[in-house]
Amino acid sequence: MTIVINKDTDRYTYESIFPISIAETDCTGRIKPVVILNYMQDIAEKSINKYDKKLSCNDLISNGFGWFLIRYRIEFENDLKDIKEIKVQTESRGSQRLNAYRDFEVFDNLTGKRILKAATTWMIVDLNNKSVVNISQKFPELFSFEKREDDLVLQKLKSPETIDREKLFSVRFDDLDVNNHVNNTVYISWALEALDFEFRKTNTLKSLDIYFKHEAKYGDDILSQVKYNNKITEHVIRNAKTNEELCLLKAEYV
């Protein structure tokens with residue numbers, strides 16, 4: 001996967017540079033994964049706003065619709081330690097029926113090394129009746145998706161059969177996004193926080209697969225559960241009251 005940004009691709013690509021503050025790193029000196037994912041969300045919004053006003057986040061919300069991130073596949077290529085500035089690039093890959101596709105690359109902007117590459121899928125949801133919109137029909141302004149040979153493969157995830165650790169959280173006001181739902185990066189924080197301290201401190205992320213299934217709302221109690229399998233961890237985020245699965249996550253470490 002390589003995102004090419006030039007005058008020919010300007011309409012559907014976007015890039016931005018972000019300095020990394022000490023508050024955005026963890027106790028090992030590595031960038032917190034959710035920091036990078038927040039910046040990826042930021043340029044995704046700017047990119048779609050530039051592409052077509054009808055598809056912009058603000059215009060969709062004003063018309064009763066909203067963008068929702070459904071799946072992530074992230075592959076880490078270099079350590080997140082001691083990085084002072086990152087360059088984040090994104091490319092809209094168009095849509096196919098219910099799904100829109102978007103790729104990302106993140107670089108250490110001072111060395112030029114690629115930190116990660118990622119593939120994502122998104123849906124547009126009618127906020128009034130919670131139905132998923134057929135993007136290709138409702139918004140033909142977004143071009144059709146075409147598969148490439150070097151595309152990352154979005155993994156199928158399932159809930160772990162047994163649980164080794166779990167942790168309880170409550171949804172805070174600061175966890176909410178503009179749709180009044182929990183921001184997707186919060187689910188990732190909940191998942192990783194269920195891991196024990198020494199595992200987090202001594203292992204480095206190699207890949208992340210994430211599947212967002214249902215929304216959490218303000219005041220909900222959330223149960224984060226994890227199953228260890230050597231260097232692979234399987235996670236499920238549940239509504240603690242209803243036991244409904246909200247998010248599945250699988251992480252591989254080195």
Side-chain angles (χ1 to χ4, degrees), residues 1-16 18 36-75 87-107 116-157 177-185 187-188 208-215 247:
M1 173 196 294
T2 300
I3 296 174
V4 177
I5 298 181
N6 56 37
K7 61 182 180 62
D8 297 322
T9 65
D10 182 68
R11 188 183 178 201
Y12 50 89
T13 59
Y14 197 94
E15 69 177 5
S16 192
F18 302 94
I36 297 178
L37 297 180
N38 275 323
Y39 287 140
M40 289 163 63
Q41 281 191 85
D42 179 74
I43 71 163
E45 178 187 6
K46 289 181 171 63
S47 176
I48 200 65
N49 290 355
K50 182 180 74 169
Y51 180 83
D52 194 300
K53 190 173 185 295
K54 292 180 182 178
L55 291 163
S56 70
C57 296
N58 288 338
D59 270 47
L60 283 182
I61 290 174
S62 67
N63 288 294
F65 299 98
W67 281 108
F68 285 84
L69 180 58
I70 304 300
R71 292 182 185 272
Y72 259 121
R73 167 68 181 178
I74 306 172
E75 296 181 1
K87 178 169 68 176
V88 186
Q89 298 181 333
T90 189
E91 177 184 4
S92 172
R93 297 289 306 281
S95 67
Q96 187 176 56
R97 299 183 62 194
L98 303 179
N99 293 306
Y101 299 84
R102 179 171 291 279
D103 292 343
F104 296 88
E105 289 183 289
V106 180
F107 298 85
L116 66 84
K117 55 186 178 181
T120 61
T121 61
W122 305 67
M123 289 181 175
I124 294 178
V125 174
D126 187 318
L127 300 177
N128 296 311
N129 58 26
K130 307 301 182 183
S131 63
V132 178
V133 173
N134 187 314
I135 301 174
S136 300
Q137 292 179 359
K138 183 74 174 178
F139 300 97
E141 299 87 355
L142 189 59
F143 61 95
S144 297
F145 169 78
E146 293 185 6
K147 187 173 175 57
R148 299 171 183 165
E149 289 186 3
D150 62 349
D151 282 342
L152 300 187
V153 178
L154 295 164
Q155 305 294 306
K156 293 183 179 180
L157 301 182
D177 61 18
V178 294
N179 296 316
N180 285 318
H181 302 141
V182 172
N183 186 283
N184 68 79
T185 60
Y187 294 86
I188 300 164
L208 273 177
D209 292 288
I210 306 157
Y211 174 31
F212 300 99
K213 300 180 66 175
H214 297 286
E215 64 191 26
C247 177

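Note: hydrogens, waters and symmetry copies are ignored here, and every other heavy atom, side chains too, is used.
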Practice problem: Apply side-chain contact (heavy atoms from CB on, under 4.5 Å) to the pair Ile74 and Ile36, showing each step before the final yes or no. | Solution: CA-CA 11 Å; Ile74 306 172; Ile36 297 178; over 6 Å; no

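Between Ile5 and Tyr14, the shortest heavy-atom distance links the atoms CD1-O, 3.8 Å. Minimum interatomic distance between Arg97 and Ser136 (heavy atoms only, all atoms of both residues): N-OG, 2.8 Å. Of all heavy-atom pairs spanning Leu69 and Thr121, the tightest one is CD1-O, 3.5 Å. Minimum interatomic distance between Leu60 and Leu55 (heavy atoms only, all atoms of both residues): CD1-O, 3.7 Å.
In this structure, the separation between CG on Asp52 and CD on Glu141 is 5.0 Å, given to the nearest 0.5 Å. The distance from atom NE2 of His181 to atom CG of Leu127, rounded to the nearest 0.5 Å, is 7.0 Å. From Lys117, atom NZ reaches atom CG of Leu152 across 5.5 Å, with rounding to the nearest 0.5 Å. Here Thr120 contributes atom OG1 and Leu154 contributes atom CG; the two are 8.0 Å apart, rounded to the nearest 0.5 Å. Here CD1 of Ile210 is found 7.5 Å from CG of Asn184. Values are rounded to the nearest 0.5 Å. Atom CG of residue Asp59 and atom CD1 of residue Ile48 lie 11.5 Å apart, to the nearest 0.5 angstrom.
For the 3.5 Å distance criterion, the side chains of Asn58 and Ser56 fail to qualify, holding no donor opposite an acceptor. With no hydrogens or angles considered, a side-chain donor-acceptor pair links Asn38 and Thr185 at under 3.5 Å. With hydrogens and angles left out, the side-chain atoms of Gln41 and Asp177 include no donor and acceptor closer than 3.5 Å.
Using cut-offs of 30° and 60° on the angle between ring planes, the pair Trp122 and Trp67 is perpendicular. Classified by interplanar angle (parallel below 30°, tilted 30° to 60°, perpendicular above 60°), the ring pair Phe65/Phe139 is perpendicular.
Put simply, the side chain of Lys87 never gets that close to the backbone of Glu105: no donor and acceptor are under 3.5 Å apart. In this structure, Thr90 contributes its side chain and Asp103 its backbone to a donor-acceptor pair below 3.5 Å. In terms of modelled atom types and a separation under 3.5 Å, the side chain of Glu91 and the main chain of Gln89 share no donor-acceptor contact. Between the side chain of Asn49 and the backbone N or O of Cys57, at least one donor-acceptor pair lies under 3.5 Å.
Contact annotation: the side chain of Arg71 never approaches that of Asn99 to less than 4.5 Å [non-hydrogen atoms, C-beta and beyond]. For the pair Leu208/Tyr72, no side-chain contact is recorded, criterion being any heavy-atom separation below 4.5 Å from C-beta on. At least one side-chain heavy atom of Ile43 sits under 4.5 Å from a side-chain heavy atom of Phe104. A 4.5 Å side-chain heavy-atom check between Val106 and Met40 finds at least one atom pair inside the cut-off. Looking only at side-chain heavy atoms (C-beta outward), Lys138 and Ile124 stay at 4.5 Å or farther from each other. Contact check for Asp42 versus Phe18: side-chain heavy atoms found under the 4.5 Å cut-off. Residues Lys50 and Asp10 meet the side-chain proximity criterion, which asks for heavy atoms closer than 4.5 Å.
Tested against Tyr12, the residues Tyr51, Phe143, Phe145 include a single ring pair (Phe, Tyr, Trp, His ring centres under 6.0 Å) partner, Phe143.
The pair Arg73-Glu75 meets the salt-bridge criterion, with a side-chain N (NZ, NE, NH1 or NH2) lying under 4.0 Å from an Asp/Glu carboxylate O.
Residue Arg11 places its CZ atom among more than 12 non-hydrogen atoms of other residues, nucleotides or ligands, all under 6.0 Å distant. More than 12 heavy atoms of other residues, nucleotides or ligands sit less than 6.0 Å from atom NZ of Lys130.
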